[in-house]
Amino acid sequence: MSDAELVLRSTRVITPEGTRAASVAVSAGKITAVLPYDAEIPAGARLEDFGDHVLLPGLVDTHVHVNDPGRTEWEGFWTATRAAAAGGITTLIDMPLNSLPPTTTVPSLRVKQDVARDKAHIDVGFWGGALPDNVKDLRPLQDAGVFGFKAFLSPSGVDEFPHLDQDRLAQSLAEIAGFDGLLIVHAEDPHHLDAAPQQGGPRYADFLASRPRDAEDTAIANLIAQARRLRARVHILHLSSSDALPLIRAARAEGVCVTVETCPHYLTLTAEEVPDGASEFKCCPPIREAANRDLLWEALADGTIDCVVTDHSPSTADLKTDDFATAWGGISGLQLSLSAVWTEARARGHGLEDVVRWMSTRTAALVGLGASKGAIAPGHDADFAVLAPDETFTVDPAGLQHRNRVTAYAGKTLSGVVKSTWLRGQRIAVDGAFTEPKGTLLTRPQ
Ligand SMILES: [Zn+2]
């Protein structure tokens, strides 16, 4: 321990081996050792003692829309990464769409990296995008360090990011499988969406009927079939329909390489509670019924769903009109995701170790960062959140750090207060105050 510059001590440190009282030694931004609680502090090392607050690995959120540059009035790197830091997230991977340009060529990746570089309060990496006409750009993007490629199977909501039909999906997936890349997919089938009743207007029930479960189920079945045929790695984004779970379990059992995420809003909110006209609850696929939510929790518990990510996808408040058909679809969850998930998880008998596995360890592994992120273990980056798990707070939009303070959680009382957040051994957020940006731009480990 002689080389430690900093020692973080808590009676509850969440390590891969379980939760225990420990002292975590840090040097040059890395964890060097996880020592007994009462280990001697070396001369010259600074001690931070968090008492009974829980020390957990910083969260890794692999599904965030930062929208910068191009739609910076919706969200930007400065505000998004501050919101993330406030919520205990220390790494985010930015989605390729809703910024202009979208991240679908190497030059557009460079534009994004240049914009993010001086504004990132946490570590930031980038997904690339798979469009109908950019197959030739995929391998260069992979070589430039994107973490994988996002595709839509139905309209994305922005014109510059068109979706893939089944032929184009096969073409892109074959290319990506050729270099052992990862395709991440917004899985809703456009034909089922077209066939669904499109009432429009302020009634949530009408919106829910316009994005039926069978649109998700069919798209997922088609994707699994393509992944099986091409021996490709695919990841299902923001699963909402519990009806797709048997398909996914069966595909896994036969060895298809498919992973799955869901989001805090599908796990904590229900269709029954969404007021008519309240488009802060609009996202695609939609928040479904309470019984659906119970099945998503079962799938998290049994490992069918691998991980939980925010799909933080903000817009300006004026685009959140009371007509569910035309309002912008997206929920801003960065700052509240840990508390929201923890509140519901504990009520269902889960421990914080489970939350850490879903929101940090497995997301880090998904993007190939498992050797440096997602665990309090020697050799990992010294990224931490300090959580008071039993303290509660009521969500006041005025306290949110993301650019447009629209939230589906306003007025909710949540458990779990993030006391401070640490990136590479430096405290970057404490009590609503932040340091200057200290984030690093990440590329996929080769
Ligand atoms: Zn998204």
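The figures here come from the full heavy-atom set of this structure, side chains too, leaving out hydrogens, waters and symmetry mates. We count ligands from 1, going down the list as the structure has it; atoms in each ligand are counted the same way. Predicted, not measured: the structure shown is a model, and the values here were computed from it.
Within the coordination shell of the Zn ion (ligand 1), defined by N, O or S atoms under 2.8 Å, H65 is present. Put simply, H63 gets within reach of the Zn ion (ligand 1), with an N, O or S atom under 2.8 Å from it.
When each of S241, S240, P246 is tested with D243 by the rule side chain to side chain contact (heavy atoms under 4.5 Å, CB included), just one qualifies, namely S241.
No hydrogens or angles considered: a donor-acceptor pair under 3.5 Å links the side chains of T259 and H235. Of the N and O atoms on the side chains of N292 and S242, at least one donor lies less than 3.5 Å from an acceptor on the other residue. A donor atom on one side chain and an acceptor atom on the other are found under 3.5 Å apart for T413 and T394.
The nearest N/O/S atom of D311 to the Zn ion (ligand 1) is OD1.
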